[in-house]
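A, B, ... follow the sequence lines: proteins, then strands. Residue 1 opens every chain. Atom set for the values below is all heavy atoms of this structure, side chains included, hydrogens, waters and symmetry mates excluded. Treat the numbers as computed from the prediction; the structure is a model and nothing was measured.
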Amino acid sequence: MAPFSNWSIGKSAIKSGIPYLRSPFNSVRKFMEYNFSEIEKKWQKAWKDNQTYRVTDGGSKPKYYVLDMFPYPSGAGLHVGHPLGYIASDIFSRYKRLKGFNVLHPMGFDAFGLPAEQYAIQTGRHPADTTKENIARYREQLDKIGFSFDWSREVRTCEPEYYRWTQWVFLQLFKSWYNCKTQKAESLDTLIAVFEKEGFKGEAHQVLTGDIEHDLAPFTAEEWKNFSEKEKSDVLMNFRLAYLGEAWVNWCPGLGTVLANDEVKDGVSERGGYPVERKRMPQWSLRITAYADRLLNDLNGIDWSDSIKEAQRNWIGRSEGTSIFFRLENHDAAVEVFTTRPDTVFGVSFVTLAPEHELVAKITTAEYKAAVDAYVNTAKNKSERERQADVKNVSGQFTGAYVIHPFTAKKVPVWIGEYVLAGYGTGAVMAVPAHDSRDFAFASHFGLEKPQVIQPPAAWNFEKESFDEKEGVCINSDFLDGLEVKAAIRKAIEEIEKRGLGKGKINFRLRDAAFGRQRYWGEPIPIYYKPAVSSSAVENTADLIPVPLDESELPLILPEVDKFLPTETGEPPLARARGWAYRPHPLPLSEGGGSDAFTFGEGYTPRFFTTSPEKWKLLKEWARAHRKAATPAEDLLWQELRGKKTGFQIRRQHAIDVFIVDFVCLSRKLVIEVDGGYHNDPGQQEYDAQRTLVLNELGFKVMRFTNEQVLQRTSETVNEIANTLRTTVLPEGEERGGVAYPYETTTMPGWAGSSWYFLRYMDPHNENEFVSREKADYWQNVDLYLGGAEHATGHLLYVRFWTKFLYDIGKIGVQEPAKKLINQGMIQGMSEKIKIKQSIFSGTTTTSDAHPVASSKSFLMPQEMEGLNSTTVTLPIDSKQVFVSAEIEDSKDELMTFFNYVPIQLSKNSKLEIDKYLEWNHKERNNDISSAVFLIKNFYWFKGNWYDYSMNVISNTSNLAFLTKSEVEKMSKSKLNVETPDDICDQYGADTLRMYEMFLGPIDQAKPWNTNGITGVHGFLRRFWRLFHDDKNGFAVNEEAATKAELKVLHKTIKKIGEDVERFSFNTGVSSFMIACNELTELKCRKRSILEPLVIALSPFAPHIAEELWEKLGHTGSVNFAQFPVYDEQYLTEDSFEYPVQVNGKLRFKYSVALGLNPQQIEKEVMGSEEVQKWLDGKTPKKVIVVPNKIVNIVV
RNA sequence: GCCCGAAUGGCGGAAUCGGUAGACGCGCUGGUCUCAAACACCAGUGAGCUCACCCUCGUGCCGGUUCGACUCCGGCUUCGGGUACCA
């Protein structure tokens, strides 16, 4: 072997995690170093084996609940942005444990959602399968980072054990109404009691919400009692907290589905480019508006960032104002508007309706019908966001109709304009152009009048812009003249109410939450529809009554479908599920026809369940006895099947007809038998066959397994059962012996499961309740919630709403889900895009024998493309597509330019690896672009060679590079810019990853990901390791007494780390460790009394290395159970302070003064110094400012 | 458009309550060690200038308050997030 063969060095050593080996001739440096990969594996296993992070409910320690926002397990796996928050929360959890708290720090998955469904549509793979795989991947990635999650509490929203309770919450919402008097949700029974006693007088009007408000007609108690079931149902729908109403949606007939605003671009669907229209559709909604006031007020009591609270306040958008009715000319109707500025009512010069407003069709005059229809159609095709954002292009249309001004009796024209949204307020505004900028723009555009009714405090040019401020004095306003705006508002409301023109009202911007989705991959809504009249053939859906499932029938399992798409008639995917309908439980057949003896054979008539009470009782006893005497195989299988582990409720030793079967799934009609050895007996076999036959006749499928099969191949057996359950197609309707009612076919939105999950973690395995009151009372709510600010008005509002509701119905004791909220900034990715030019070939082609490619064609260079130094380029004739390097600008030619994302791995530093890009297109996109041209300045690449613009092959290509355009964006699979934490873990270890992500900057700040500084953090951990080891990597910690300097470093660091963690300043925490490490290295300190406390302090940040060093220090238990060190002020005190001395606010010199002096003494000391004289230059100071222990400033 | 944030050296960032701008790390430059490279260690590193001093300038832009402003106020610019069916 060569003498130098064991030199293994450099970055490759870091990458592989192999310990460093030094030159054999340099024994001083030859030592094994910090071997992170071994250490991390060792401790991750130890934590798992010892269940180090398992949390118990209760105990003497104070509780602390740390929660991360539910991750959605996307197909791209965990990216480096995800762990940012998890690392921070993990550090905090570990810190709190060291501080003596009982910390709940769980993790689970928000597993229903659109991406899995989209993937399913594309590939046909079941979302349940892909979701499962994604979760497994996430879990593996999370495990590598060394989190202290209690995985025994994991929840997944897509599992029946979980969504059973999501459905349960929905049922509670369905059965409740919001009592405005008591300000809380109550059971509908209390409302019905009122109706029965006094009917409805209209006073509960506030809870009647919807997109456009409407009033429910009053009725008497007598009328209520005589209402049909259907009528009662309709009335109650106006009060239920979960109700079936109508809402505006983006309907895409081409895709047969509803789209998010996100998915609509320029009036067509982003996917496929089909036209989209606004449509009013029946829609399940949650009455979050009932809680608007409480959601707003309770913000004051929680420790969330001001920005999030402000965002929620604005989102709820409480505004006080009034409704005013404008009577229509020549119509028996009125336009109701809502305004916060009734003081400006005399300034109304027109009224604008939303294009969708129901009156539009009624009032438009014949003359304007065509124009109005055209306008409505255009506006319909825009998303709400586009309509609001497009402020520059004012658009609108006169309807030909007029309203009568309620005070002046003047004719006021009625317009429609897309800036008015149907979903907000009444869908109509009274326009006051002089005092509202949107109205001003509209009036200016259409040349409408702008009467001024407020005199601003200062001069104002009303020609140029409106005066929107709520100040000034009313003019030209009859009875309001001379009043200040605020007084005028009060007076106007008073007058409006007095004259019966409208009423003072509080309006919220907040709308009820649409709760139904035309999607497959979500929780089924536990509702079925019963005909209003007892008739089998229901023609009209209006005759159906929505009926909730009984709680005992939950979960309503998501059915199987053949495709994850809407039906041809535009119904949601669930409508595809065969036989998916509610069937009331069959009643026992009437007595008679059966035999008393439990024998069967010819002439035996099976029935669904056995009939006589005596027999039933006997069978139950038998079943109970069977359960007690279960075989090991049966027991084992029961453990695997119980609790709906397969997704379906399984019963064991259950009586069916006269048999007691081992296991049965009633909903899927599947019987599972586990046979002992005696089943080999021929007589027994005949009996079994007969029994199977009867069960089949009853509609049950029968699966048989032997004991051996179950015991030896358990998972296969379970899989087989699960698959059979999932694929079983049930007989429909009458075949099953009962009526079938259609289920609701929309599913719940992605946020349903995440609106209450923090409660499930408290009691994740409870089969009887969503959470026991006892555990809910112990854990209460989340003490620290960590997640992205992008959830400010979505999830964070919904979870507050559900929490308040569950509080109202007495199930939990807290009104807010999270006491404190920290927002983690998004880690952005750097995406790379490639520029594509289209339609730029000229028609001319030439042929040339001199070139490697026989024919060629010219490529016309648009003038706008600067930087090519040529206006035409000759390209090979078979080139199909032209990619253009990013350095070539073509600002004016945007129409012919397109960008495609490039996987970032293929374009490091924006330099595209062309061969790999072609290969990737071929493999991943099934797109053959092998004859594409890649154009750069002066050259292009084609089929493996570089050419100049005259098609000469270039031999020296080392400086030629095709550039992609990089952009800082959200990390996402679709942008092909995902960076995973795995690579970092492999190269540097989890501890380095953890500390590096924290070191990147403040937790709440968004930043693009880069790994530039990671070696510094890794280097710190190595130096920290080296504090404990000698040159030969021998453990070298000694028991010597610490010096004053060493103690100062220690206590300073403990203090700083404690403060930094408490205020979530993890980046500065990491630097404090670095500083301490540098200083102790300088001091050559290897003393236990210094290093041991530091190991504890470091353990929340870098738990693996801390555990290893803790063990090496001689401890047997985990460092997790240690106590966080306490700093002692006495080691930190100094005897003097070096004052920065400023002259006229500019730092001039520093001067050391003893501590404990008063400001006068300090001033005297400083003024006596030589330097001061130099800077005073003979002048007398005007003033001397002394801030003790801070600064001295001399003003000359 | 509207709502919520952010902007500090070549880069990530620090300055916690209006009091020394640039901690810590990366990168870069020079040095020690080495045949050499790498690793490690040491030193320097905001810009300008007549270059270890001194001075001037300097926290996105314009203005203000203050003895003193990255920090507070008014007005902008650019970037990021949300905008109700992405999660």
Using the [atom1] atom in both, what is the distance from [N] to [M], to the nearest Å?
| N | M | atom1 | value |
| --- | --- | --- | --- |
| B/C51 | B/G58 | P | 23 Å |
| B/G46 | B/A84 | P | 48 Å |
| B/A14 | B/C70 | C1' | 11 Å |
| B/C39 | B/A47 | P | 25 Å |
| B/U77 | B/C62 | P | 15 Å |
| B/C85 | B/U78 | P | 31 Å |
| B/A7 | B/C61 | C1' | 11 Å |
| B/A40 | B/G25 | P | 13 Å |

In whole Å, I'd like the distance from the [atom1] atom of [X] to the [atom2] atom of [N].
| X | N | atom1 | atom2 | result |
| --- | --- | --- | --- | --- |
| A/L1021 | B/C26 | CG | C1' | 16 Å |
| A/K1007 | B/C26 | NZ | P | 19 Å |
| A/M998 | B/G12 | CE | P | 18 Å |
| A/N1010 | B/G25 | CG | C1' | 12 Å |
| A/L1027 | B/A40 | CG | P | 16 Å |
| A/R1022 | B/G25 | CZ | P | 14 Å |
| A/E997 | B/G13 | CD | C1' | 15 Å |

Less than 6.0 angstrom separating the ring centers of [X] and [Y], yes or no?
| X | Y | value |
| --- | --- | --- |
| A/F109 | A/Y72 | no |
| A/Y291 | A/F801 | yes |
| A/Y138 | A/H82 | yes |
| A/Y419 | A/F442 | yes |

Could you check A/V1017 against A/G1001 and say which one's nearest nucleotide on RNA chain B is further toward the 5' end? A/G1001
Under 3.5 Å, which protein N or O atoms sit close to an N or O of nucleotides 69-76 of chain B? Give each pair with its distance.
none

[Y] backbone acceptor or donor facing [X] side chain under 3.5 Å:
| X | Y | answer |
| --- | --- | --- |
| A/T747 | A/R519 | yes |
| A/T746 | A/G516 | no |
| A/N250 | A/L259 | yes |
| A/R517 | A/A514 | yes |

Using only heavy-atom distances, determine whether the side chains of A/T1068 and A/S1071 contain a donor-acceptor pair under 3.5 Å. no
Have A/N507 and A/S319 got a donor and an acceptor in their side chains that come within less than 3.5 Å? no
Once salt bridge (charged side-chain N to carboxylate O under 4.0 Å, His left out) is applied, what residue pairs with a partner in residues 1183-1196 of chain A remain, sequence neighbours excluded? none
Taking the basic N atoms (NZ, or NE/NH1/NH2) and the acidic carboxylate oxygens, is any pair closer than 4.0 Å for A/K1056 and A/E1059? no
Answer yes when A/R280 and A/E246 have at least one side-chain N-carboxylate O distance shorter than 4.0 Å, and no when they do not. yes
Closest non-hydrogen atoms of A/A111 and A/W521, given as atom of the first, atom of the second and distance, are O-NE1, 2.9 Å
For [N], does the O4'-C1'-N9-C4 or O4'-C1'-N1-C2 angle fall within 90° of 0, making it syn, or is it anti?
| N | answer |
| --- | --- |
| B/C51 | syn |
| B/C35 | anti |
| B/G27 | anti |

Cation-pi geometry met for A/R509 and A/W315 (6.0 Å, 45°): yes
Regarding the side chain of A/F999, the nearest nucleotide among B/G13, B/C24, B/C41 is B/C24
Treating primed atoms plus P, OP1 and OP2 as sugar-phosphate and everything else as base, which nucleotides of nucleotides 80-87 of chain B get B, S or - for protein heavy atoms under 4.0 Å? SSSBBBBB
Counting primed atoms, P, OP1 and OP2 as sugar-phosphate and everything else as base, the B/S/- map of nucleotides 4-10 of chain B against protein heavy atoms under 4.0 Å is SS-----
Does A/D306 have more than 12 heavy atoms from other residues, nucleotides or ligands lying within 6.0 Å of its CG? no
Test applied, ring pair (Phe, Tyr, Trp, His ring centres under 6.0 Å); reference residue, A/Y798; option that passes from A/W751, A/W756, A/Y757: A/W751
Any side-chain N or O of A/R438 less than 4.0 Å from the OP1 or OP2 oxygen of B/C2? no
A/D436 vs A/S466, side-chain hydrogen bond (donor to acceptor under 3.5 Å, both in side chains): CA-CA, chis, key distance, verdict: CA-CA 6 Å; A/D436 181 285; A/S466 58; over 6 Å; no
Could you give me the stems involving RNA chain B, meaning stretches of three or more consecutive Watson-Crick or G-U wobble pairs whose two defining distances are both below 3.5 Å? B:1-7 with B:77-83, B:10-12 with B:24-26, B:27-32 with B:40-45, B:46-48 with B:55-57, B:60-64 with B:72-76
Show each protein N/O and nucleotides 16-22 of chain B N/O combination with a separation under 3.5 Å, one pair to a line.
from	atom 1	to	atom 2	distance (Å)
B/U16	O4	A/K1056	NZ	3.2
B/G19	N2	A/Q1142	OE1	3.4
B/G19	N2	A/N1193	ND2	3.3
B/U20	O2	A/K1150	NZ	2.5

